[in-house]
**Q** 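This is the structure I have questions about; it appears just below.
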Amino acid sequence: METSRIPGFYNMTVEERRKLLASMDMFTEEDAAYLFSKEPLPIDTANNMIENVIGTFPLPLGMGLNFLINGKEYCIPMAIEEPSVVASASHIAKIVRNNGGFTAEATDRVMTGQIQVVGCADFNEAKAAILNEKAMLLEAANNAYPSLQERGGGAEDLEVRLINEESDSQYGKMLVLHLYVNTCDAMGANMINTMAESLAPVVEELTGGKVYLRILSNYPERCLASARCVIPPELLETGDFSGEEVRDGVIHAYEFAASDPYRAVTHNKGIMNGIDPVVIATGNDWRAVEAGAHAHAARDGMYTSMTTWYKDEQGNLVGELELPMSVGTVGGSIRVHPIAKLAHKLLNVDSARELSQVIVAVGLAQNLGALKALATDGIQKGHMALHSRSVAIAAGATGEMIDMISQRLIDEKEIRVGKAKELVEEYKK
Ligand code: NDP
């Protein structure tokens with residue numbers, strides 16, 4: 001893929017977009033057969049994925065364009081029902097690429113498993129007993145899932161925490177063993193759970209306590225990805241707003257989210273607007289990513305902004321985002337769902353680390369898209385214009401009626417289903 005900058009993609013028909021991507025060798029005929037078929041997720045596959053299946057639930061799959069991350073071009077598949085998200089991410093990516101694109105980093109994929117131990121006669125002695133046998137416990141964990149070590153990963157560290165040490169309740173006091181496992185290119189939940197369960201008997205023996213929970217933590221604080229962008233103010237100029245005004249508006253908006261949880265939650269929802277569609281399209285567990293991201297946003301005791309925006313010494317706007325990112329390029333449904341397989345091909349990432357870098361860059365772009373709109377025209381102008389098509393469809397518009405009615409709704413500044421219904425009736429007369 002030479003470039004993710006595809007002028008005019010927005011105005012093409014779906015058919016033209018597919019043809020163009022095929023001409024850029026982004027699909028094979030086999031891939032296209034999945035994407036264009038009436039049943040991209042075959043019902044038999046779906047029936048083997050979960051229980052009580054009666055059908056599938058399709059979502060629009062759009063392409064986030066213009067992304068340049070660590071010097072590499074990415075066309076990013078995004079599965080989402082909300083209008084303006086894909087357009088906004090692509091718009092910001094276009095601005096950022098004009099100053100070199102995003103830079104991104106990621107740690108190794110080190111996930112955390114937890115083993116809960118209760119009822120120890122002496123919790124400090126129990127802790128010491130575990131730490132004394134750290135090497136043996138790590139070896140035992142690796143023996144329970146040897147293929148990870150063969151790939152260069154595996155259990156690599158453990159820690160012990162004592163929780164509610166002063167508690168008088170028989171239920172409150174506990175020892176928690178954290179097992180840190182490099183799960184390579186897998187999200188690793190099943191791998192970690194297998195390891196944690198296998199350690200339970202030996203942990204009980206060492207501590208004299210009883211093990212209850214043995215499960216992955218969805219706050220993988222050693223599995224982080226971060227992205228950064230630097231934007232000169234002239235690239236931010238919008239309509240009547242100077243670049244400096246837009247930059248300052250973005251920083252004021254960030255400070256609001258940084259200091260107020262009520263704003264932070266909406267600010268962060270906007271970041272997840274970019275992240276979830278990529279996580280979903282790539283067949284990853286978006287509940288896990290959501291849970292970890294919000295926990296990270298509250299890591300210092302107050303729920304706050306996931307991103308940071310500030311002005312550097314040259315007057316540039318600088319944005320940064322760091323999040324735990326428990327995603328994989330293998331495992332779970334990733335190699336089962338045909339569209340998820342195709343999404344990985346479109347993205348052209350070589351590892352879970354690279355995928356996590358792309359995802360945080362999209363989150364950062366999405367955040368700037370929202371803050372830039374909020375700091376200038378307000379969010380409704382662009383959003384409602386795009387939303388007008390959904391409103392027209394909800395009111396019963398079909399075919400060429402959709403464009404016509406959506407345009408009337410915009411022109412008459414009344415983007416409501418009630419108004420659209422009146423127009424549909426008018427059109428049918
Ligand atoms: P899998 O159980 O599918 O394990 C990953 C698989 O990928 C293994 O079979 C492994 O093969 C294979 N693999 C191939 N290449 C690699 C590579 N380069 N690196 C690593 N593995 C490789 O999935 P996960 O353990 O990742 O678990 C993810 C699933 O667990 C998700 O569907 C998630 O929804 C679910 N889950 C989530 C929970 C949570 O979030 N709390 C709890 C429980 C489940 P091999 O076996 O040969 O090593």
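The residues of the chain are indexed from 1 along the displayed sequence. First listed ligand is number 1; within each ligand, the first listed atom is number 1.
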**Q** Which protein heavy atom lies closest to atom 46 (O) of ligand 1, and at what distance to 0.1 Å?
**A**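 Scanning the protein heavy atoms, the shortest distance from atom 46 (O) of ligand 1 goes to Y145 OH, 2.8 Å.
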**Q** Would one find an N or O of G188, backbone or side chain, under 3.5 Å from an N or O of ligand 1?
**A**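 It does: an N or O of G188 is found under 3.5 Å from an N or O of ligand 1.
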**Q** Ignoring angles and geometry beyond distance, decide whether A288 reaches within less than 3.5 Å of ligand 1 through its nitrogen or oxygen atoms.
**A**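 N/O-N/O distance below 3.5 Å does not exist for this pair.
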**Q** Please determine if R228 forms a cation-pi arrangement with F102, meaning its NZ or CZ atom is less than 6.0 Å from the six-membered ring centre and no more than 45° off the ring axis.
**A**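 The answer is no; the distance or angle limit is not met.
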**Q** Is a salt bridge present between K72 and E354, judged by a nitrogen-to-oxygen distance below 4.0 Å?
**A**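 Yes, this pair counts.
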**Q** Distance to 0.1 Å, residue and atom name: give those for the protein heavy atom nearest to atom 20 (C) of ligand 1.
**A**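 Looking only at protein heavy atoms, the one closest to atom 20 (C) of ligand 1 is T183 O, 3.4 Å.
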**Q** Can you establish whether the number of heavy atoms outside D312 located under 6.0 Å from its atom CG is more than 12?
**A**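 Yes, the 6.0 Å shell around CG holds more than 12 heavy atoms from other groups.
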**Q** Could you identify the single nearest non-hydrogen protein atom to atom 41 (N) of ligand 1 and state the distance to 0.1 Å?
**A**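 Result: N218 OD1, 2.9 Å.
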**Q** Taking 4.0 Å as the limit for heavy-atom contacts, which would you say applies to N190 with ligand 1: side chain only, backbone only, both, or neither?
**A**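 For N190, the contact with ligand 1 is made by both the backbone and the side chain.
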**Q** Evaluate salt bridge (Lys or Arg N to Asp or Glu O under 4.0 Å) for K311 paired with D248, printing each intermediate quantity in order.
**A** CA-CA 8 Å; K311 180 172 79 168; D248 292 347; 5.2 Å; no
**Q** Which bit of L216 gets closer than 4.0 Å to ligand 1, counting heavy atoms only: side chain, backbone, both or neither?
**A**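 Answer for L216: side chain.
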**Q** Specify the protein heavy atom at minimum distance from atom 48 (O) of ligand 1: its residue, its atom name, and the distance to 0.1 Å.
**A**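 Here the closest protein heavy atom is S147 OG, 2.5 Å.
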**Q** I need the L224 CG to S326 OG distance, nearest 0.5 Å.
**A**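 OG of S326 is found 11.0 Å from CG of L224.
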**Q** Does ligand 1 have any atom that is closer than 4.0 Å to a heavy atom of G328?
**A**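 No, that is not the case, since the closest heavy atom of the residue is not under 4.0 Å from the ligand.
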**Q** Is it the case that ligand 1 has an N or O less than 3.5 angstrom from some N or O of G332?
**A**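 Between G332 and ligand 1 (N or O atoms, distance only) the closest approach is under 3.5 Å.
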**Q** Hey, is CD on E105 packed in by over 12 heavy atoms from elsewhere, all under 6.0 Å?
**A**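 Count not over threshold, so no.
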**Q** Please report which non-hydrogen protein atom sits nearest to atom 4 (O) of ligand 1, along with the residue it belongs to and the distance in Å to one decimal place.
**A**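 The protein heavy atom lying closest is M191 CE, 4.0 Å.
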**Q** As an exercise, identify every atom of ligand 1 less than 4.0 angstrom from a heavy atom of C184.
**A**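 Within the 4.0 Å cut-off of C184, ligand 1 contributes 19 (N), 20 (C).
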**Q** Please list, in number order, the atoms of ligand 1 under 4.0 Å from a heavy atom of M187.
**A**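 Every atom of ligand 1 under 4.0 Å from some heavy atom of M187: 26 (O), 28 (C), 40 (O).
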**Q** Is the OH atom of Y310 crowded by more than 12 outside heavy atoms at less than 6.0 Å?
**A**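 Above 12, so yes.
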**Q** Give me the nearest non-hydrogen protein atom to atom 37 (C) of ligand 1 as residue plus atom name, then the distance to 0.1 Å.
**A**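 It is A189 CB, 3.3 Å.
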**Q** Between F123 and K127, is there a cation-pi geometry (under 6.0 Å to ring centre, at most 45° from the normal)?
**A**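 Pair K127/F123 does not count as cation-pi.
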**Q** For atom 7 (O) of ligand 1, what's the nearest protein heavy atom and its distance?
**A**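 Going atom by atom, the protein heavy atom closest to atom 7 (O) of ligand 1 ends up being V330 CG2, 3.8 Å.
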**Q** Verify salt bridge (Lys or Arg N to Asp or Glu O under 4.0 Å) between K269 and E82, making sure each step is shown before the conclusion.
**A** CA-CA 12 Å; K269 188 272 180 184; E82 186 175 338; 3.0 Å; yes
**Q** Go through ligand 1 atom by atom and flag the ones less than 4.0 Å from a non-hydrogen atom of A186.
**A**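 With A186 as reference, the close atoms of ligand 1 come out as 5 (C), 19 (N), 20 (C), 21 (N), 26 (O).
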**Q** Give yes or no for whether the N/O distance cutoff of 3.5 Å, strictly under, is met between N193 and ligand 1.
**A**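 Such a contact does not occur with ligand 1.
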**Q** Closest heavy-atom contact between A79 and I280?
**A**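 Heavy atoms only, the tightest pair is CB-CG2, 4.0 Å.
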**Q** One residue to check: I192. Relative to ligand 1, which of side chain, backbone, both or neither has a non-hydrogen atom less than 4.0 Å away?
**A**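 Within the 4.0 Å criterion, I192 makes no contact with ligand 1.
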**Q** Do the non-hydrogen side-chain atoms of M272 and E290 ever get within less than 4.5 Å of each other?
**A**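 M272 reaches E290 side chain to side chain.
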**Q** Answer yes when K134 and D157 have at least one side-chain N-carboxylate O distance shorter than 4.0 Å, and no when they do not.
**A**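 D157 and K134: salt-bridged.
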**Q** Nearest protein heavy atom to atom 33 (C) of ligand 1, by residue and atom, and its distance?
**A**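 The answer is D285 OD2, 3.4 Å.
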**Q** Report yes if some N/O of R151 lies less than 3.5 Å from some N/O of ligand 1; otherwise report no.
**A**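 It does: an N or O of R151 is found under 3.5 Å from an N or O of ligand 1.
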